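Scroll down for the structure; my scribbles are underneath it.
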Amino acid sequence: MTAVLETRNVKRAYQMGKVTVSALRGVSLQIEEGEFVAILGPSGSGKSTLLHVLGGLDRPDKGEVLIDGISLYTLNDNKLADVRLHKVGFVFQFFNLLPRLSALRNIELPLTLANMPEQESARKAKEMLESVGLGDRITHHPTELSGGEQQRVAIARALINDPKIVLADE
């Protein structure tokens with residue numbers, strides 16, 4: 001069985017002033033389809049950096065990341081964006097909902113980017129919003145939702161394209 005997510009000796013360092021911070025020091029892992037994996041560690045230990053590298057949002061300095069057998073960092077920006085759109089669902093630490101869009105439109109956005117017809121994407125987004133218990137908040141904007149409601153919208157958005165992997169930061 002091929003791993004749905006694999007890393008090979010991934011390294012990532014940041015320059016903070018005169019100091020180099022090694023956030024990832026040779027991370028290698030394999031995650032099979034259906035597995036649930038939690039990454040634990042203190043603040044500043046590289047958890048968010050790892051998630052961003054795993055999901056193709058940040059490039060490692062060294063090493064390789066594969067999703068469904070596809071080596072992410074050999075892809076051009078458009079192909080990488082396509083892999084993220086269709087194979088990765090993100091739930092960001094601070095949700096990253098677009099404040100000018102309603103809950104429905106925030107969830108619908110990945111479907112729009114995937115060129116799904118508007119009527120079908122609206123229906124699917126509404127079903128997903130109802131599945132997270134927010135069917136009555138469909139027209140509300142992020143500033144009109146509690147933190148927990150915003151998190152559920154972010155989760156629904158992460159799941160809307162039926163991704164192979166879901167990466168959730170806290």
Side-chain angles (χ1 to χ4, degrees), residues 1-101 103 105-107 109-110 112-114 132 141-143 145-170:
M1 182 185 286
T2 304
V4 71
L5 179 61
E6 182 177 358
T7 67
R8 298 176 184 155
N9 198 32
V10 170
K11 297 178 181 179
R12 182 70 172 105
Y14 295 99
Q15 200 64 38
M16 297 188 77
K18 295 179 182 180
V19 177
T20 300
V21 177
S22 294
L24 304 176
R25 299 180 190 138
V27 177
S28 295
L29 58 84
Q30 282 190 326
I31 301 173
E32 303 295 327
E33 190 167 338
E35 277 191 284
F36 180 89
V37 176
I39 299 166
L40 305 172
S43 180
S45 64
K47 299 179 303 293
S48 293
T49 298
L50 179 59
L51 289 179
H52 287 187
V53 167
L54 292 177
L57 296 174
D58 191 12
R59 292 186 182 272
D61 298 323
K62 291 189 177 171
E64 187 173 26
V65 177
L66 296 98
I67 293 179
D68 234 7
I70 301 167
S71 182
L72 294 189
Y73 298 105
T74 62
L75 303 174
N76 67 35
D77 288 344
N78 288 337
K79 296 244 186 237
L80 180 58
D82 194 54
V83 167
R84 282 193 308 257
L85 178 63
H86 294 286
K87 295 190 180 282
V88 182
F90 290 97
V91 181
F92 296 97
Q93 186 172 5
F94 299 105
F95 315 131
N96 288 2
L97 300 176
L98 298 175
R100 296 180 68 172
L101 297 182
R105 296 289 180 229
N106 265 286
I107 295 169
L109 185 60
T112 301
L113 294 172
V132 295
H141 289 75
T143 57
L145 300 171
S146 71
E149 290 170 330
Q150 289 180 47
Q151 186 173 45
R152 286 188 277 160
V153 170
I155 291 167
R157 182 185 57 195
L159 298 175
I160 196 71
N161 273 342
D162 195 27
K164 292 289 262 183
I165 62 171
V166 176
L167 301 172
D169 196 354
E170 296 192 37

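In this text the structure is predicted, and so the values were computed from the model without any measurement. When reading the values below, keep in mind they use all heavy atoms of this one structure, side chains included, and skip hydrogens, waters and symmetry mates.
- Without hydrogens or angle criteria, Lys47 side chain to Pro42 main chain gives a donor-acceptor distance under 3.5 Å.
- We find the CG-CG distance between Asp82 and Asp77 to be 12.5 Å, quoted to the nearest 0.5 Å.
- Looking at heavy atoms from C-beta onward, Val153 lies out of side-chain contact with Val132 at the 4.5 angstrom threshold.
- The shortest side-chain heavy-atom distance between Arg157 and Leu97 falls under the 4.5 Å cut-off.
- Between the side chain of Glu33 and the backbone N or O of Val4 there is no donor-acceptor pair closer than 3.5 Å.
- With a 4.5 Å cut-off on side-chain heavy atoms, Ile165 and Ile31 do not count as touching.
- Within the 3.5 Å criterion, the main-chain N or O of Leu101 finds a donor-acceptor partner in the side chain of Asn106.
- Side-chain contact between Lys87 and Ile70: present, with at least one pair of heavy atoms (C-beta onward) separated by less than 4.5 Å.
- Nearest approach of Asn161 to Ala114, heavy atoms of both residues: ND2-CB, 4.5 Å.
- Residue Pro142 comes nearest to Pro99 through the heavy atom pair CD-O, 3.7 Å, listed as atom of the first residue, atom of the second, then distance.
- Here the closest heavy-atom approach between residue Leu51 and residue Leu167 is recorded as O-CD1, 3.6 Å.
- Of the candidates Val65, Ile39, Asp169, Leu50 forms a side-chain contact (heavy atoms from CB on, under 4.5 Å) with just one, namely Ile39.
- Taking all atoms of both residues into account, the shortest heavy-atom contact from Ala13 to Thr20 is CB-CG2, 4.0 Å.
- By the 4.5 Å heavy-atom criterion applied to side chains, Asn96 and Phe90 are not counted as neighbours.
- Inter-residue side-chain proximity for Lys11 and Leu24 is flagged as unmet; no heavy-atom pair is nearer than 4.5 Å.
- If you take OG on Ser48 and CG on Leu57, they are separated by 11.0 Å, rounding to the nearest 0.5 Å.
- When all heavy atoms of Gly55 and Val88 are compared, the pair lying nearest together is CA-CG1, 4.3 Å.
- Residue Leu72 comes nearest to Val53 through the heavy atom pair CD1-O, 4.3 Å, listed as atom of the first residue, atom of the second, then distance.
- Taking NZ from Lys164 and CG from Leu5, the interatomic distance works out to 11.5 Å, rounded to the nearest 0.5 Å.
- In this structure, the side chains of Tyr73 and Glu64 stay at 4.5 Å or more apart for every pair of heavy atoms.
- A salt bridge does not link Asp58 to Arg84: none of the charged nitrogens lies less than 4.0 Å from a carboxylate oxygen.
- We find the CD-CZ distance between Glu149 and Phe95 to be 11.0 Å, quoted to the nearest 0.5 Å.
- Glu6 places no side-chain N or O within donor-acceptor distance of the main-chain N or O of Leu66, the cut-off being under 3.5 Å.
- Taking the side chain as every heavy atom from C-beta outward, Leu80 and Arg59 approach each other to under 4.5 Å.
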